Structure formats: structure tokens, C-alpha cells
Participant: 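Input: one structure, supplied below.
The figures here come from the full heavy-atom set of this structure, side chains too, leaving out hydrogens, waters and symmetry mates. Convention: sequence-line order gives letters A, B, ...; per-chain numbering from 1. Just so it is clear, the model here is predicted, and its values are computed rather than measured.
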Amino acid sequence: MQNTYKYGFHKPENYVYKSKKGLDRGVVEYISKRKNEPLWMQQFRIRALGQFYHKPLPLWGGDLGGINFDNIFYYISPTDKIVSRWEDLPEDIRDTYDRIGIPEAEKKFLSGVSAQYDSEVVYKSIKSMLSKKGVVFLDMDSGLREFPEIVKQYFGTVIPSGDNKFAALNSSVWSGGSFVYVPKGVRVDLPLQAYFRINAANMGQFERTLIIAEEGSFVSYVEGCTAPIYTTDSLHSAVVEIIVKKGARVRYTTIQNWSTNVYNLVTKRARVEEEGVMEWVDGNIGSRLSMKYPSVYLVGRKARGEMLSIAYAGAGQHQDVGAKAVHLAPETTSQIISKSISRGGGRTSYRGLVQIMMGATKSKSKVVCDALILDEASRSDTYPTMDIDEQDVSIEHEATVSKIGDEQLFYLLSRGIGKAQAESMIVNGFIEPIVKELPLEYAVELNRLIQLQMEGSVG
Amino acid sequence: MNIQILQNTTKTIIQEIHGGKAVYEYTVTERAQLALLFVVAQKVDVEIVVRVCLTGRGARARIIGLVAGRGSQIIRIHTEQIHEAPDTTSNLLVKAALYDQVQFSYDGVIRVEPLAQKTDAYQKNENLLLSPHAHARSDPVLEILANDVRCTHGSTTGKPSEDQLWYLMSRGITRSTATQLLIEGFFERAIMTISDTIHQEQIRKSLWQII
Amino acid sequence: MANYIKALLVDDLPPGSMKTVRVGGKSIAMANVDGEVFAIDDTCSHAECSLGSEGFIDGNVVTCGCHGATFDVTNGKVMSMPAVTDVASYSVKIVGQDVLIAL
């Protein structure tokens, strides 16, 4: 069994099922049959496969030339037990987890030392609290099985399989991800965290997430991890669809720190109805190349979208990330704040769109992008587009690229603080407006991680 | 057409843009200074590229583009501020007043090459929409490969400020006159940065063909 | 009284097929769904790609070839993003070998 607990090295293998590399109709049919899916989903997958073959790679963004589509396992069947010991982990990985301060239960889970049992226990109690409110929080496979009518109504309606090549790929081989349904008027105060309810197999390459927030509801969803995830899977292509109905609010937070062999290509989009609010908080720390532009389509009057983005690119990394806001109704508002840091030859590119369609009168949008380039070898780009088809609007965009201010640095140095530490303090201050929006433990971990990266101790 | 600004010299260029397609290239050499103001106020479609390369240490460029469009014109403006040497500065401002069904698109690049340390570069695009059917698209781009720099760009699009209109109207001025005053004021500040009053009049005259 | 204009011949549009025609100054996507012919605006309401010539038809669902937005060809109703607006749908009449659209 290929160890899906994801180290750079192989564990001893007991193969229950071994899928072959490469993608064809047979693989897609196998996936669907194995999951016992309804016919419409199988047909959806097959049609998406056709679209994947048909669509070209994008000509913009990062360099996708290194992806070898034939050299990837598109489906790996779930494990029941994970056999490994904490002591078997490479020392520097254990060390990083310790220094970042990952809680014990998470450490074991992330390292594959089977927190499955632990997380089952935690998950069960959350599950019972949620079901009392009528909230559904399942992995996507189970969501399809237990709530087929709801899934059928919404699946693929926000991001159709033909949207782009990687949405088509995900649509044909998706596995795992989350299904969240919040009934009318229900507030879920506890942030729903992805890794509690998933097992090994679901932390996958082609996750598919669908969140439906009925009128007046509120939910906050958190996924990912600041701790580096070492994986031999080189292509991660997830799709996240979110429906925010009238007066509802959804916050979706992601921190990604995939190892630097990974192409992380994600399509995330929310449809926001009248007076609804969608908040995307996106942290991109890892991966070789990330291309991710969380979007909001503001389709109802007074709908609002807020996108907060942090990107860090070190040696060998390119973060080509940003946000999109499409205003389709009057009095809609959007705000995008992006903070990026490039260091040691890394490259960050902000790529965004603010589109005001005819009819979206009295709409407002403000975009602020700040980028720090820390040394000569690094690079930073900004590629925003403003496309405005309505007169009675207010659209603002500003972006700045610079290095750490000499005065700030001098101030700290003159207080006896070492240069590396001073720089990391300044960088943490730079990203603070966004970090303070993260759940506490993520914020703490992220600050420590940046500190470690800056001091050269890791990454 | 490429104009070189020679070392240690200062040149001010007022360029009236006529209809059709054209490329304007300027090379600013060591310790040279360029002040360029171009005006697009024609009744036909316009598609231009304005490229400014700062190739010598200490080069400075200040570029202003004033655009007024009416009818069903299609106006496309592409600018480039290319910094190839250290200690260079560029400051670009494109202001557009758009009437009727004008389709305006602006895209501008600030590109700072690795050797161009201590560059300061600014770019701003301000669009004033004067009719419900005018369309504006703005794509400002930064590509920064040096780190000891400060580069900023900004873009704003909207209609004349209701507050400012009210202020003028409360002093007995009609709405249409007040709007006209705001449009002229929109351009005036930029025009005043050109010190020669004859040039200033020339620019105003060109713009008044449209505004 | 609706103005019916000839768009194409019945034989030009076999069951399961779709094409773009220009009729009365408009671009129309016409599709044959199990013998019944439908007509909708050819321009996708998202990014203005041609549904008839760049899209696909599967049953009554038209998928735009550019970004995958889907529409119901029987009534022009939008079924998935990134399009969010319906497209116009037109009455169709078959007279002998001719297919006519009311514009």
C-alpha cells in the first residue's frame, strides 16, 4: 500500500490495491464504481475527462512544463490502518513540528502515526453537536452517498467541469474533500476543521469541497496546515464550490505548506446572493508552484466579498496567487488585501480581477497589494485587471513592491536585536493584519514558521 | 520612433496623439531627465504604445497622459516604464475622461531589471466615467526583479464626486456647469506640472476639442 | 404577431446536433433534441463565446466551450456558473422542410 501519509521516503508496502499510473476512461470508471456512485456522477466524471483532454494548459501564470500527466497515480484506495512510528520520522521533520509547536494529537496525525483513532474520538463529539443543529459535515464521498439530492442540485454549478483544464481534471478523478450543509438561520460558531473528519486517504490530491450556507446562516471552515507536508504526489488540483444564500456568511481559511515538489493548482469560487458575505483567507507558504485565485461572484444586491491573501516564496518557489471579484448586482462590495514576501530566489505574483458588469450600479471595490522582496535574487510581480462596465461605481487599486525599510531595520538593530531576528520581526509585522484573522493556533504556528524560514533554520 | 535624451540633459516633450496606431519610444540616459505629456483627444480610434527606458544611472522620467474620448471611440493605451540602471526614477500618470460609449483600455508595465537597484517607480491610472455606457479597463502591471526598490501603482475608476457637485451647485451653478468644472479640474493639476504656459494652453486647447 | 424567419432546413440539423446560424441580424444557437428543435441566443452570457460553434450539446444541456457554463436549450435558462444570466430563447416552427424562428 503506498503510504499516503506522505513522506519523501517509502514505507514498507502491503499492497491491497495498486492503481496504475496515468489517466484514462478505465481509471475514471473504476473510481466511480468503487465508490458506488449514482450514474449521474459517473457520467459527470466521464464528460469531465473529455473536457480535460480537450482543454489546453493556460499560457499565463507559472511554468507548468514540469507536470508529467502520465506519471501520476490518479487514485489510491483508502488505507485502514497506518503503520509507522514517530521515531521513524526524519529528525528535521520532527524538529520542525516541535519548534512550530504543533499540538501532540496533530503531530501524530500528520506524521501518519495514526491519529486516526484520536481524531475519530474528537470528530464524533463534534459530529453530535452539529447534527443537533441540523448541520452536515462529512467527507465529500459520504456527502454524496447520504445526501444525493442536495449534492446533485449544487455540484458543478459554481465551478462547472469545463471551467478550466484543472477543474476538468478534478471533476473526473475527485476523491475526498468536504461536504458542508448549514440550514437556514443556523450559526456554527466552532470553525469546522478539515483534518478532524478525514482519514488518510482523503487528504488527497484531488479534493472536492462543496459548502452550502442557507439563508441567514454562518459557518467558518479551516483547512490545511502550517507544518510542512511532505508528499510524493506532485500534482494537487482541488476544487472548492461555495454557495452563500441570502444574508448568510461563510469564511473559508486555508494555509498551505506543501513540499517544494508539488504543483498546487486550485479552483475556488463562491456564489454570493443578496446581502450574503463570503470571506476567503488564503495562506500560501509551500509548493513549487501554486496557482490559486479564490473568487466571489456577487450575484445579489449588497452581496460582499473579502479576500485576504498571504504568499511566501522561498528558493525554488513561485506563488502565482490572488483573487477575483465579479460584481453582477447593485451595491455590491469587494475588498482584496494581499501581502507577499519573496526571499532566496523565490517569486511571488499577485494576479487578480475586479469586474463590474453592467447593472452593478453603486458597487465599490478596493484592492491593496503589498509585496516585500528581501534580497537581490528574488522577484515580485503584480498583474491586476480592472474591467468596468458601469458608471456609478468606485473602484480603487493600489500595489507596492519594496524591501524592508532601512529605518525600521536600523531601529531594531540599534536595540541589540540580530539582523535575522529583526527581519523576521518586521516580516511578521508586515503580515499581521491578515494573520490576526486566522484561528489562534494557525496564527501562532504561522508566525513561528516565518521566523524559522527567515532565520534559515528550515526551508 | 525612438527619441534619446542625452546624458545630463533635460527635455520636455508635449506630444499630441493623432488617430490610428503608433509607438513612441524614449531612452533616458545617464542623469538625463524627461518630462513627457501626451494628449489623446481625437474623434477617431487610437491605439498607442508609449515606452520609456531608463538606461543610465540617475535617469529620471515623468510621464503624463491625458485622454478624452467621445462617441464610439476605441482607445487603447499601453505604457512601459523599463528600468535598466540603478538610481533611476519614473513617475507615470494617465488620466482619462470618458463620454458616451467610449471603450477605453489602459495597460501599463513597470519592469525593474535585476541591476536597477535603488529604483523608484510610480504609475497611476485615473478614469472618470461620464456616461452610463462608457467602458474602462485598467491593467497595471509590476514586474520587479531587483529588491532595493520602491515601486507603486494605483488605479481608480468612478464618476464625478456627488459631494463636489453638490458643493458647486449650492453656490448657484447648474449641474452641467458644475460637472464641466470638475472635468476641467480633473486635468488641470496635471497640466500645471508643465511650467511653460504656452504649452499649458496648447494642452487645454487639445482637450477642449472633446471635453 | 410574431415574425417567423427561415433559419435552416430540417435536414441541416439531425437529432443530437447543434449549430450557429445568423438570422435577422442575430446569432442563434439551434439544437435538435430528440427530434424537437430549439433556438437560443448564441452568445454565452459569461464571456461572449459562441455556444453553437464552440460549445457542446448533451440532451437538452448546452455547455459553453470556453469556461463550461451550462444552459437549458429548451428555454435559455442558465444552469451553472460562471454564467449567471439566462440567454434569450425563441419560438421555433417547422413548416415542411423549413425551420423557422420567431424573432
Participant: Residue by residue, which of residues 397-404 of chain A have a heavy atom closer than 4.5 Å to a heavy atom belonging to chain B?
Facilitator: A/His397, A/Glu398, A/Ala399, A/Thr400, A/Val401, A/Ser402, A/Lys403
Participant: Measuring heavy-atom distances to chain A, does B/Pro114 have an atom under 4.5 Å in its side chain, in its backbone, in both, or in neither?
Facilitator: neither
Participant: Heavy-atom count around B/Arg76 CZ within 6.0 Å, excluding the residue itself: above 12?
Facilitator: no
Participant: What part of B/Glu162 lies closer than 4.5 angstrom to a heavy atom of chain A: side chain, backbone, both or neither?
Facilitator: neither
Participant: Among B/Val149, B/Thr152, B/Leu142, B/Thr156, which has the most heavy-atom pairs under 4.5 Å with chain A?
Facilitator: B/Leu142
Participant: May I ask you to list the residues in residues 363-395 of chain A that approach chain B closer than 4.5 angstrom, counting heavy atoms only, ordered by number?
Facilitator: A/Ile373, A/Leu374, A/Asp375, A/Glu376, A/Ser378, A/Arg379, A/Ser380, A/Asp381, A/Thr382, A/Tyr383, A/Pro384, A/Thr385, A/Met386, A/Asp387, A/Ile388, A/Asp389, A/Glu390, A/Gln391, A/Asp392, A/Val393, A/Ser394, A/Ile395
Participant: Would you indicate whether B/Met169, at its atom CE, is surrounded by more than 12 heavy atoms from other residues, nucleotides or ligands within a distance under 6.0 Å?
Facilitator: yes
Participant: Relative to chain A, which segment of B/Ser105 carries a heavy atom at a distance below 4.5 Å: side chain, backbone, both, or neither?
Facilitator: neither
Participant: Quick one: list whatever passes side chain to side chain contact (heavy atoms under 4.5 Å, CB included) with A/Gln335, sequence neighbours left out.
Facilitator: A/Glu306, A/Ile337
Participant: Can you pull out every side chain to side chain donor-acceptor pair (under 3.5 Å) where at least one residue sits in residues 282-295 of chain A? Sequence neighbours excluded, please.
Facilitator: A/Gln256-A/Asn284, A/Gln256-A/Ser290, A/Tyr263-A/Arg288, A/Asn264-A/Ser290, A/Lys268-A/Asp282, A/Asp282-A/Asn284, A/Asp282-A/Lys292, A/Asn284-A/Lys292, A/Ser287-A/Ser290, A/Ser290-A/Gln319, A/Tyr293-A/Asp320
Participant: Quick check on the interface: out of B/Gly154, B/Pro140, B/Gly158, who has the most heavy-atom pairs with chain A under 4.5 Å?
Facilitator: B/Pro140
Participant: Which one of B/Gln117, B/Glu143, B/Arg111 has the most heavy-atom pairs closer than 4.5 Å to chain A?
Facilitator: B/Glu143
Participant: Looking at B/Leu130, B/Ile144, B/Leu129, B/Val141, which makes the most heavy-atom pairs under 4.5 Å with chain A?
Facilitator: B/Ile144
Participant: For B/His133, does the NE2 atom have more than 12 heavy-atom neighbours from other residues, nucleotides or ligands under 6.0 Å away?
Facilitator: no
